[in-house]
Amino acid sequence: MTSSRNAATHNGVHYFKQGWTLISLSGIRRFVILPLAVNIILMGGAFWWLFTKLGEWIPAMMSRVPGWLSWLDYLIWPVAVISVVLVFSYFFSTIANLIAAPFSGLLSEQLEARLTGKAPPDTGIWDIMKDLPRIMKREWQKLAYYIPRALVLFALYFIPVIGQTAAPVMWFLFSAWMVVIQYCDYPFDNHKVSFADMRRSLGKNRIDNMQFGALVSLFTMIPVLNLVILPVAVCGATAMWCDRYRSVYVRNNLDINPTRG
């Protein structure tokens, strides 16, 4: 684990890179398999379907560009493609995260024990089943936070000019923030930290956290790499929790909020 003295010097890029290393740790790899399998099946199929539909959707979006902006088609067209892929990738990664949430929480829990030198909890299928109501409630909290904001941003796409210029940038920034919330939530929730408290804590390091979220968002749009990004993001977010936030909620590094039960 990174020392607390050096944690403040590590930005979001560091934790993203660390996630790629942590998924291959001995004893951790077996907890990577289930969230990885969920992501491969869902994201692989979803992106195959997306690329069969882009030929229909992009011309429809371009038809909304005012005639006086037709000279900017060569710039607006790639922005339109990126916008579709970004919205699509975040939508299906959200579904994958919802399905894989119990396994992602388990991966985060086991990795935290490894990084902090604690004995890993002996968690079985029954323990996961008992935690399902709490885990699903937390996932719905994230959706309740996400949906109204996403609908506002989605509506901007139908406004001429703004929909082809500002909306994609705003959507990417919002997606990066939601990625931070999504993946950092696993270690926070394992320690029963409320959703509101987690958001406030993450907001104190917003720039560094947004770097992490932006990188995960970018890799979610890249075929093949997006198939493995889910466990990578969970591991990177868990390392960030251990370095930056754990001491705030776990007194003297002793669990006052047990991760299971």
Side-chain angles (χ1 to χ4, degrees), residues 31-39 41-43 46 89-113 120-154 174-206 209 212-213 216-217 220 229-242 244-246 248-251 255-261:
F31 296 102
V32 169
I33 293 173
L34 284 175
L36 180 63
V38 169
N39 205 50
I41 293 170
L42 188 59
M43 293 296 287
S89 61
Y90 189 81
F91 175 76
F92 277 94
S93 67
T94 299
I95 296 176
N97 281 315
L98 183 64
I99 296 172
F103 311 115
S104 297
L106 179 60
L107 168 60
S108 177
E109 177 184 79
Q110 294 289 324
L111 179 61
E112 180 180 342
D122 184 14
T123 304
I125 295 297
W126 177 241
D127 297 295
I128 296 176
M129 294 298 293
K130 286 193 299 183
D131 276 348
L132 271 179
R134 191 198 83 240
I135 294 171
M136 290 299 104
K137 179 182 177 181
R138 190 70 165 219
E139 292 300 316
W140 283 114
Q141 282 182 295
K142 284 182 274 189
L143 284 175
Y145 177 84
Y146 166 75
I147 289 173
R149 293 164 177 79
L151 289 176
V152 171
L153 287 174
F154 186 71
F174 175 63
S175 296
W177 174 240
M178 282 305 306
V179 161
V180 173
I181 289 176
Q182 177 66 53
Y183 292 107
C184 287
D185 185 58
Y186 295 120
F188 275 89
D189 185 41
N190 281 342
H191 288 276
K192 313 300 189 296
V193 179
S194 73
F195 186 64
D197 283 346
M198 179 196 68
R199 293 202 330 265
R200 281 192 289 269
S201 292
L202 294 176
K204 294 176 183 178
N205 302 104
R206 190 177 295 270
N209 290 340
F212 177 82
V216 174
S217 294
T220 301
I229 197 62
L230 193 158
V232 169
V234 172
C235 289
T238 302
M240 186 189 301
W241 152 267
C242 290
R244 292 189 167 182
Y245 305 108
R246 190 176 191 275
V248 176
Y249 297 101
V250 183
R251 187 180 304 146
D255 288 348
I256 56 176
N257 291 311
T259 57
R260 292 283 172 189

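- Between Arg199 and Ile181, the closest heavy-atom pair is CD-CD1, 4.1 Å.
- With rounding to the nearest 0.5 Å, the separation of CG in Leu34 from CG in Leu107 is 10.0 Å.
- Scanning all heavy atoms of the two residues, the minimum distance from Asp197 to Val193 falls at CB-CG1, 3.8 Å.
- Looking at heavy atoms from C-beta onward, Arg134 lies out of side-chain contact with Lys137 at the 4.5 angstrom threshold.
- Pairing each heavy atom of Ser108 with each of Thr238, the nearest pair is OG-OG1, 2.8 Å.
- When every heavy atom of Ala237 is checked against every heavy atom of Pro187, the shortest pair comes out as O-CG, 4.3 Å.
- Between Lys192 and Tyr249 the shortest side-chain heavy-atom distance does not fall below 4.5 Å.
- Here the side chains of Val234 and Pro35 are not in contact, with every heavy-atom distance at 4.5 Å or above.
- Between Phe188 and Leu202 there is a side-chain heavy-atom pair separated by less than 4.5 Å.
- Looking at Tyr183 and Leu230, their side chains come closer than 4.5 Å, going by heavy atoms from C-beta outward.
- Remark: Ser104 OG to Ile99 CD1 distance equals 11.0 Å, nearest 0.5 Å.
- Annotation: the span from Asn190 atom CG to Asp185 atom CG amounts to 9.0 Å, rounded to 0.5 Å.
- Note that the OH atom of Tyr186 and the SG atom of Cys235 stand 12.0 Å from one another [nearest 0.5 Å].
- Nearest heavy-atom pair, Ala96 versus Val38, reported as atom, atom and distance to 0.1 Å: O-CG1, 3.8 Å.
- Contact check for Met240 versus Val180: no side-chain heavy atoms found under the 4.5 Å cut-off.
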Worksheet item: Is there a side-chain contact (heavy atoms from CB on, under 4.5 Å) between Gln182 and Glu139 once you walk through the steps?
Response: CA-CA 9 Å; Gln182 177 66 53; Glu139 292 300 316; 3.6 Å; yes
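- Residue Asp189 holds its CG atom at 7.0 Å from NZ of Lys142, rounded to the nearest 0.5 Å.
- You'll find the side chain of Ser201 stays beyond 4.5 Å of the side chain of Val248, heavy atoms only.
- Under the 4.5 Å side-chain criterion, counting only non-hydrogen atoms from C-beta, Met198 is in contact with Arg138.
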Discussion item. For Met178 and Arg149: C-alpha separation, side-chain torsions, deciding distance, then whether side-chain contact (heavy atoms from CB on, under 4.5 Å) applies.
Written reply: CA-CA 11 Å; Met178 282 305 306; Arg149 293 164 177 79; over 6 Å; no
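- One distance of note links OG of Ser175 with OH of Tyr146; it measures 6.0 Å at 0.5 Å rounding.
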